[in-house]
Amino acid sequence: MARLDSANLARARETIALYPHPRSALVPLCHIAQEQDGWLTPEAVEHIAELLGLTPAEVEGTASFYDMLHTEPVGRYLVGICTNIACLLAGGYELLEHAEDSLGTPVGGTTPDGTVTLEEVECIAYCDRAPCAIVNYRFFGPLTGADFDRLIADARAGRLAEDVPAHGTLNRVRRDGGLRVPADEVATQRAASDQARSERAAARPAGGAA
C-alpha cells in the first residue's frame, strides 16, 4: 500500500495539467494509482485528493461508482464471465458455475493465492465468441470449461503476458503527442474564454437572464 511513486506522481501532474480544472483529472489519476498497486489503496486515495484539492471521501465516492475502479484488493487477474443474452444462450451460466468450482471461489471472491478474482459481467460486446470472458479486460472466447481451465493455467504461468497486462494497466503505450496542446496555447485559450465570459456577464441585464 503506497502513495503514488515518483514516476507515477510525475504522470499524475502531467495529466492534471491537461485539464482546465484539476478535479477533471480524478478518474485518470485513479487509473494511474490502480495501475501501480492493482487497486486504489487508502494511501493513494489520500494522495489523489491532495493533488486535486479534494477530500478522500470525494475521491472514493467517485471511484466506487465505476466498475473498473476497485477500492478493495483484487487478484492479479480480474476474470469476468459474461452471462448476458448471447452468452446465456451459449452456456454462459454453465461456464460461470464451472469457473466457481474450478477456482474454488464464488463470484466476487478471490482465490486463496490472490491470483484470480472472479466476476459475472454484463455484455462485453464479444457476442460472436459466446460464451466469452475477459481477463484484465482482454477478451477470450468461445470458452468451454476445459478452455477456461487452460486459460487460467496460462495466466498463472505467465504465458499470457504478451496479451494480458497486469491488472490496472489499461494501455501499455504511453501517449507522446496526439491531443497534447502547448501550455501557452492552453493559457491563451483560457484567458480568451474568461474574457468572453466577463463580457457576456457585463452585457447581461441586471436582475435577469439575457
Side-chain angles (χ1 to χ4, degrees), residues 1-83 96 99-100 102-122 124 133-139 151-152 155-158 160-161 163-176 179-180 183:
M1 301 181 186
R3 292 161 62 89
L4 295 176
D5 61 25
S6 58
N8 283 323
L9 178 58
R11 288 177 61 197
R13 286 177 170 150
E14 290 175 359
T15 301
I16 294 169
L18 294 173
Y19 295 90
H21 305 288
R23 67 182 304 148
S24 300
L26 173 53
V27 171
L29 261 59
C30 286
H31 280 295
I32 290 174
Q34 187 161 268
E35 180 177 334
Q36 174 181 287
D37 297 312
W39 64 291
L40 286 170
T41 68
E43 291 82 359
V45 167
E46 290 181 9
H47 199 177
I48 291 169
E50 291 172 19
L51 291 169
L52 300 180
L54 302 173
T55 66
E58 288 176 304
V59 175
E60 187 155 353
T62 297
S64 63
F65 177 80
Y66 293 101
D67 286 345
M68 291 179 70
L69 295 173
H70 296 269
T71 55
E72 295 181 356
V74 295
R76 186 153 51 94
Y77 295 100
L78 192 64
V79 176
I81 294 179
C82 178
T83 55
L96 182 63
E100 290 180 311
S102 177
L103 295 172
T105 186
V107 170
T110 299
T111 54
D113 64 357
T115 302
V116 178
T117 294
L118 180 63
E119 293 185 324
E120 178 182 0
V121 296
E122 291 295 323
I124 56 175
I134 49 176
V135 180
N136 291 354
Y137 302 105
R138 271 57 179 179
F139 300 83
L151 178 65
I152 297 302
R156 282 177 158 149
L160 299 181
D163 300 317
V164 179
H167 176 248
T169 301
L170 295 179
N171 192 337
R172 288 187 278 200
V173 178
R174 298 277 182 252
R175 184 172 61 185
D176 185 19
L179 297 176
R180 184 168 297 166

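What you are looking at is a predicted structure, and each value in this text was computed from that prediction instead of being measured.
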**Q.** All side chain to side chain contact (heavy atoms under 4.5 Å, CB included) counterparts of A33, not counting sequence neighbours
**A.** L4, L40, A44, I48

Please report, to 0.1 Å, the donor-acceptor pairs under 3.5 Å made by any side chain of residues 18-27, with sequence neighbours excluded.
residue, atom, partner, partner atom, Å
S24, OG, H21, O, 3.3

(Q) Could you check whether atom CZ of R138 has more than 12 heavy atoms from other residues, nucleotides or ligands sitting under 6.0 Å from it? (A) yes

Q: Determine the minimum heavy-atom distance between L78 and Y137, stating which atoms define it.
A: CD2-OH, 3.5 Å

(Q) The criterion is ring-ring contact (aromatic ring centres under 6.0 Å, His included); which residues satisfy it with F139, sequence neighbours excluded? (A) Y126

**Q.** Partner residues of S102 under the side chain to side chain donor-acceptor pair (under 3.5 Å) criterion, sequence neighbours left out
**A.** D149

Q: Kindly indicate, with the supporting measurements, whether the criterion side chain to side chain contact (heavy atoms under 4.5 Å, CB included) is fulfilled by H47 and L9.
A: CA-CA 9 Å; H47 199 177; L9 178 58; 3.8 Å; yes

**Q.** With sequence neighbours excluded, residues passing ring-ring contact (aromatic ring centres under 6.0 Å, His included) with H167
**A.** H70

Q: To the nearest 0.5 Å, tell me how far Q34 CD sits from T41 OG1.
A: 10.5 Å

Q. Who pairs with T110 by side chain to side chain donor-acceptor pair (under 3.5 Å), at least two apart in sequence or on another chain?
A. T117

Q. If every non-hydrogen atom of P28 is compared with every non-hydrogen atom of T15, which pair is closest and at what distance?
A. CB-CG2, 3.8 Å

Q) Could you state the interatomic distance from CG (L103) to OG1 (T115), rounded to the nearest 0.5 Å? A) 10.0 Å

**Q.** R76: salt bridge (charged side-chain N to carboxylate O under 4.0 Å, His left out) partners, not counting sequence neighbours
**A.** none

Q | All side chain to side chain donor-acceptor pair (under 3.5 Å) counterparts of E72, not counting sequence neighbours | A | none

(Q) Testing the basics here: between A63 and T71, what is the closest heavy-atom pair and its distance to 0.1 Å? (A) CB-CG2, 4.1 Å

(Q) Restricting to side chain to side chain contact (heavy atoms under 4.5 Å, CB included), what partner residues turn up for D5, sequence neighbours left out? (A) A7, N8, Q36

(Q) Quick test of your reading: applying salt bridge (charged side-chain N to carboxylate O under 4.0 Å, His left out), list the pairs with at least one residue in residues 105-120, sequence neighbours left out, ordered by first then second residue. (A) D113-R156

Q: Return the set of residues passing side chain to side chain contact (heavy atoms under 4.5 Å, CB included) with A99 (not counting sequence neighbours), or none when no residue passes.
A: I81, L118, F148

Enumerate donor-acceptor pairs with a distance under 3.5 Å from any side-chain N or O in residues 50-62 to protein atoms, sequence neighbours excluded.
residue, atom, partner, partner atom, Å
E50, OE1, R3, NH2, 3.0
E50, OE2, R3, NH1, 3.1
T55, OG1, E58, N, 3.1
T55, OG1, E58, OE1, 3.4
E58, OE1, T55, N, 2.9
T62, OG1, E58, O, 3.2

